[in-house]
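Shown next, in structure tokens, is the structure this report addresses.
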Amino acid sequence: MADRSRHLIGLLLGAEEDWPRAFEALLQRVGPVTIDGTEHEFGSRRLTIEPFDLNDPVRVGLVIDRLAYWYYHPREWLKKAALMNGTYLLNSPFTFQSMEKHSAYCAMLRLGLKIPRTVLVPYKNPVDNVRWAYTSAQYNKAFDLDAIAEDLGYPLYMKPFDGGGWRGVSRINDKVDLHRAYDQSGEMLMHLQATIEYDKFARALSIGAETMVMDFRPDEPMHNRYAVSHDFLNPSAGHEAVAISRIVNAFFGWEFNSCEMLVKGDSVHPIDYANACPDVAVTSLHYYFPWAISALVKWSVFSLATGRRSTVDLHTERYFAIADDESLDYEAKLNAYLALADEHFETTKYHEWCAEHLADFDARVRDWVAGPDFDRLLTSTVATTYPEHEQDQFMAHFRGLTSLWLSDQAG
């Protein structure tokens, strides 16, 4: 009789209900996986927030975190679980805390990625600290905000140095916009960032060793932001977009993250790629939702069944050695970075493992999406998201996109 190993996946959630229900439903369809005589079974549990002793045992072997970036208590529990119990975390709270948007820009600039010019400006208003007034009066040099903006060129963007889901982001078209946005920034520390004249705005969602690059339209309503457009980038730009997203994640130890990029011809410019809680809502991803949840299930199962270990050691010197190699051009460096990223994610092993142990899982996903369970999830999500008089319209919209996904899978 085969040995048995039971694995429990923890879901650390905020207000979301759609994707956790989908994840739980698809995880049940994985079934036991036998590896080298050991039968692996998988379950999930929604985690609660409560007092914890630093020596308390942790039952879950892996955590999908959607909350700790915003709240200290669950974040510190995740750190304890990783350091003391070896719990596998899809996103490192250590690097997301220290490598927010500003640090992420700096690191990728160091690798030579095409980040638009960015300037950090001091606070508009003094921070709430009695020592700041003296420090500011003595050591803050006067600066010319208009001159900085003129040097970067209009239009440009002002946004918080630490990100936060489009919080405080302003498009700056002229001096009036500049001073209005800066006055409103208050105690937020802000970047001024040059913009790029672009053909396409791409958003890549990476989950473990899988990446989906999507045609993103930020000015559209949420349900219409992701266009179903498979060839919207040329092959060179498409490869670069995938590579950048995966390189960012491997560099920082993130496994569930989105990367936004402005694309002009073959040139790809990352502008936002530190997203601890990337969008996976069915009402925004729609067509791409089944892929996202399927990839999340497969990566979680693979990581647990193969005993994959997470670490707080980033080994950035390996990337910097490539960055400093003057014999390599940009394309060669990008491919060398990607090789390190694929090594980190065990990309080849992952795909081979899924083909061997989850060979029929994609068919199970299709059956679930085509069945009544998914339709109930979609119906309840639409009912809680949109006013009653719009619900029929949006049900038809999302059912149509889901049917398109099913048709494309069959083809």
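Along the sequence shown, residues are numbered consecutively beginning with 1. Worth knowing before you read on, the calculation uses all heavy atoms, side chains too, and leaves out hydrogens, waters and symmetry mates. Predicted model only: the values in this text are computed from it and were never measured.
Smallest separation of non-hydrogen atoms from Ala181 and Ile172: CB-CD1, 3.6 Å. The shortest non-hydrogen separation linking Pro290 to His286 is CD-O, 3.5 Å.
Every pair passing ring-ring contact (aromatic ring centres under 6.0 Å, His included) that includes a residue from residues 9-41 is listed here, sequence neighbours excluded: His7-His40. The side chain to side chain donor-acceptor pair (under 3.5 Å) contacts involving residues 229-238 comprise His230-Tyr287, Asn234-Asp266, where partners must be two or more places apart or lie in separate chains.
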Stepwise side chain to side chain contact (heavy atoms under 4.5 Å, CB included) check, Phe42 with Val33: CA-CA 9 Å; Phe42 306 90; Val33 174; 4.0 Å; yes
Residues Tyr330, Lys114; criterion side chain to side chain contact (heavy atoms under 4.5 Å, CB included); working and verdict: CA-CA 10 Å; Tyr330 178 74; Lys114 301 170 185 176; 3.6 Å; yes
Trace of the side chain to side chain contact (heavy atoms under 4.5 Å, CB included) decision for Val282 with Thr402: CA-CA 10 Å; Val282 67; Thr402 302; 6.0 Å; no
Residues Phe232, Val263; criterion side chain to side chain contact (heavy atoms under 4.5 Å, CB included); working and verdict: CA-CA 10 Å; Phe232 73 101; Val263 183; over 6 Å; no
Trace of the ring pair (Phe, Tyr, Trp, His ring centres under 6.0 Å) decision for His269 with Tyr198: CA-CA 9 Å; His269 303 264; Tyr198 62 92; 9.9 Å; no
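Note: Asp65 CG to Leu12 CG = 5.0 Å, rounded to the nearest 0.5 Å. In this structure, Ser294 OG and Trp368 CH2 are separated by 10.5 Å, a value rounded to the nearest 0.5 Å. From Leu113, atom CG reaches atom NZ of Lys333 across 10.5 Å, with rounding to the nearest 0.5 Å. Atoms CG and CG, from Asp146 and Asp151 in turn, are 12.5 Å apart once rounded to the nearest 0.5 Å. In this structure, the separation between OH on Tyr337 and CG on Leu111 is 4.5 Å, given to the nearest 0.5 Å. The CG atom of Leu78 sits 11.0 Å away from atom CG of Leu90, with the distance rounded to the nearest 0.5 Å.
Using a 4.5 Å heavy-atom cutoff, the side chains of Asn173 and Pro155 are in contact. By the 4.5 Å heavy-atom criterion applied to side chains, Leu192 and Leu145 are counted as neighbours. Contact check for Leu109 versus Thr118: no side-chain heavy atoms found under the 4.5 Å cut-off. Looking at Tyr88 and Glu255, their side chains come closer than 4.5 Å, going by heavy atoms from C-beta outward.
For the pair Lys79 and Glu76, the salt-bridge criterion is met [side-chain N within less than 4.0 Å of a carboxylate O]. A salt bridge is absent between Arg225 and Glu220; no separation between the charged side-chain nitrogens and carboxylate oxygens falls under 4.0 Å. Using a cutoff of 4.0 Å between basic side-chain nitrogens and carboxylate oxygens, Arg180 and Asp177 are scored as salt-bridged. One finds a salt bridge joining Asp375 and Arg399 here, because a Lys/Arg side-chain nitrogen approaches an Asp/Glu carboxylate oxygen to under 4.0 Å.
Looking at Arg246, its side chain never comes within 3.5 Å of a backbone N or O of Ala241 through a donor-acceptor pair. No donor-acceptor distance shorter than 3.5 angstrom exists from the side chain of Asp313 to the backbone of His315, with no hydrogens or angles considered. Remark: the backbone N or O of Pro32 is not paired with any side-chain donor or acceptor of Thr34 at under 3.5 angstrom. Of the possible donor and acceptor atoms, one in the side chain of Ser92 sits under 3.5 Å from a partner among the backbone N and O of Phe94. Judged purely by atom type and a 3.5 angstrom limit, Tyr273 uses its side chain to pair as donor or acceptor with the backbone of Ala104. With hydrogens and angles ignored, the 3.5 Å screen pairs no side-chain donor or acceptor of Asn85 with any backbone N or O of Thr87. Checking side-chain atoms of Ser185 against main-chain N and O of Tyr182 turns up a donor-acceptor pair under 3.5 Å. Not a single donor-acceptor pair under 3.5 Å links the side chain of Arg366 to the backbone N or O of Leu406. Checking side-chain atoms of Asp56 against main-chain N and O of Asp53 turns up a donor-acceptor pair under 3.5 Å. Counting only distance, with no hydrogens or angles, the side chain of Lys124 and the backbone of Asp183 share no donor-acceptor pair below 3.5 Å.
Ring geometry for Phe216 against Tyr226 counts as tilted: the plane angle lies between 30° and 60°, on a 0 to 90° scale. Note: Trp299 and Phe302 have tilted aromatic rings, judged against thresholds of 30 and 60 degrees for the angle between ring planes. Tyr105 and His191 have tilted rings, their planes meeting at an angle from 30° to 60° on a 0 to 90° scale.
Checked by atom type, the side-chain pair Thr316/Arg110 shows no donor-acceptor distance below 3.5 Å. Defined by atom type and a distance below 3.5 Å, a donor-acceptor pair is missing between the side-chain atoms of Thr381 and Asp18. Residues Ser245 and Thr211 bring no donor and acceptor atom of their side chains to less than 3.5 Å of each other.
Between Trp254 and the choices Asn91, Thr95, Asn275, the side-chain hydrogen bond (donor to acceptor under 3.5 Å, both in side chains) rule is met once, by Thr95.
Looking at residues two or more places apart in sequence or on another chain, you find a salt bridge (charged side-chain N to carboxylate O under 4.0 Å, His left out) between Glu346 and Arg308, Lys349.
Surrounding CD of Glu331 are at most 12 heavy atoms belonging to other residues, nucleotides or ligands under 6.0 Å away.
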